[in-house]
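Source: prediction; values computed, not measured.
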Amino acid sequence: MSGFRDHIGLHAEALVLRETRNNLLTSNIANAATPHYKARDIDFTAELARATGGGALRTTEARHMAVGGPAATGKALYREPVTPSLDGNTVEMAVEQMEFSENTLRYQTSLALLNRRISGLMTAIKGE
């Protein structure tokens with residue numbers, strides 16, 4: 001049962017992070033014409049690891065390199081533009097729309113998985 005709770009918790013954390021990311025991406029799209037606006041995003045993988053107790057890998061020897069951990073600050077990062085604009089705006093609509101579409105699809109997938117899990121539990125509880 002602990003593994004099931006961990007799986008549900010992971011999807012719940014993912015939903016919260018995906019919603020936060022959707023808000024950032026929506027703000028980027030809304031400010032595409034605002035001079036000097038800097039596009040922001042989060043590193044979803046790093047943030048999910050931080051939120052679920054993951055993070056830096058443990059090193060067992062001085063010559064090992066630490067991976068992960070400190071980069072996951074919980075803050076939105078600024079996106080580096082591929083093609084900078086003259087007015088200082090770093091929003092690139094094609095990139096933002098693609099990221100928004102992918103994030104929304106993954107949000108809906110996590111929601112569907114959670115709904116299936118909960119429906120399965122309800123069926124088992126009712127004894128159907």
Quick one: does Asn31's side chain have a donor or acceptor within less than 3.5 Å of a partner on Thr26's backbone?
no

Atom pair CG/OG of Asn22 and Ser27 - distance to nearest 0.5 Å:
12.0 Å

Taking a hydrophobic cluster as the set of Ile, Leu, Val, Met, Phe, Trp and Tyr residues connected by side-chain heavy atoms closer than 4.5 Å, whether directly or through intermediates, do Leu25 and Tyr37 fall within one such cluster?
yes

Counting distance only, does the side-chain N/O of Asp41 pair as donor-acceptor with the main-chain N or O of Arg79 below 3.5 Å?
no

Nearest heavy atoms of Thr90 and Pro81, plus distance in Å
CG2-CG, 3.9 Å

For residues Glu13 and Glu47, determine if any side-chain heavy atom of one lies less than 4.5 Å from a side-chain heavy atom of the other.
no

In Å, rounded to the nearest 0.5 Å, how long is the span from CG of Asp43 to CZ of Arg50?
11.0 Å

Tell me, do Val95 and Glu99 make a side-chain contact under 4.5 Å, heavy atoms counted?
yes

Taking atom CD of Glu102 and atom CD of Gln97, what is their separation to the nearest 0.5 Å?
14.0 Å

Would a hydrophobic clustering, with Ile, Leu, Val, Met, Phe, Trp and Tyr connected at side-chain separations under 4.5 Å, put Met98 with Met93?
no

Joint hydrophobic cluster, Leu48 plus Ile42, side-chain heavy atoms closer than 4.5 Å:
yes

Side chains of Asp87 and His36, heavy atoms from C-beta outward: is any pair under 4.5 Å?
no

Any side-chain heavy atom of Arg18 sitting closer than 4.5 Å to one from Arg106?
yes

With rounding to the nearest 0.5 Å, note down the distance linking CG in Asn103 to OG1 in Thr20.
9.5 Å

I want to check something: taking the side chain as every heavy atom from C-beta on, are Ile29 and Val91 in contact at a cut-off of under 4.5 Å?
no

Return the CD to CG distance between Glu80 and Leu77, rounded to the nearest 0.5 Å.
11.5 Å

Restricting to non-hydrogen atoms, name the atom on Lys38 and the atom on Gly88 that form the minimum distance, rounded to 0.1 Å.
NZ-O, 2.9 Å

Within 45° cone of Phe44 ring axis and under 6.0 Å: Arg21 NZ or CZ:
no

Thr104 and Gln108: CA distance, side-chain angles, deciding distance, side-chain contact (heavy atoms from CB on, under 4.5 Å) verdict:
CA-CA 6 Å; Thr104 301; Gln108 290 171 343; 4.0 Å; yes

Leu15 and Ser110: which non-hydrogen atoms are nearest, and at how many Å?
CD2-CB, 3.9 Å

In this structure, CG of Leu24 is separated from CD of Glu96 (nearest 0.5 Å) by 9.5 Å

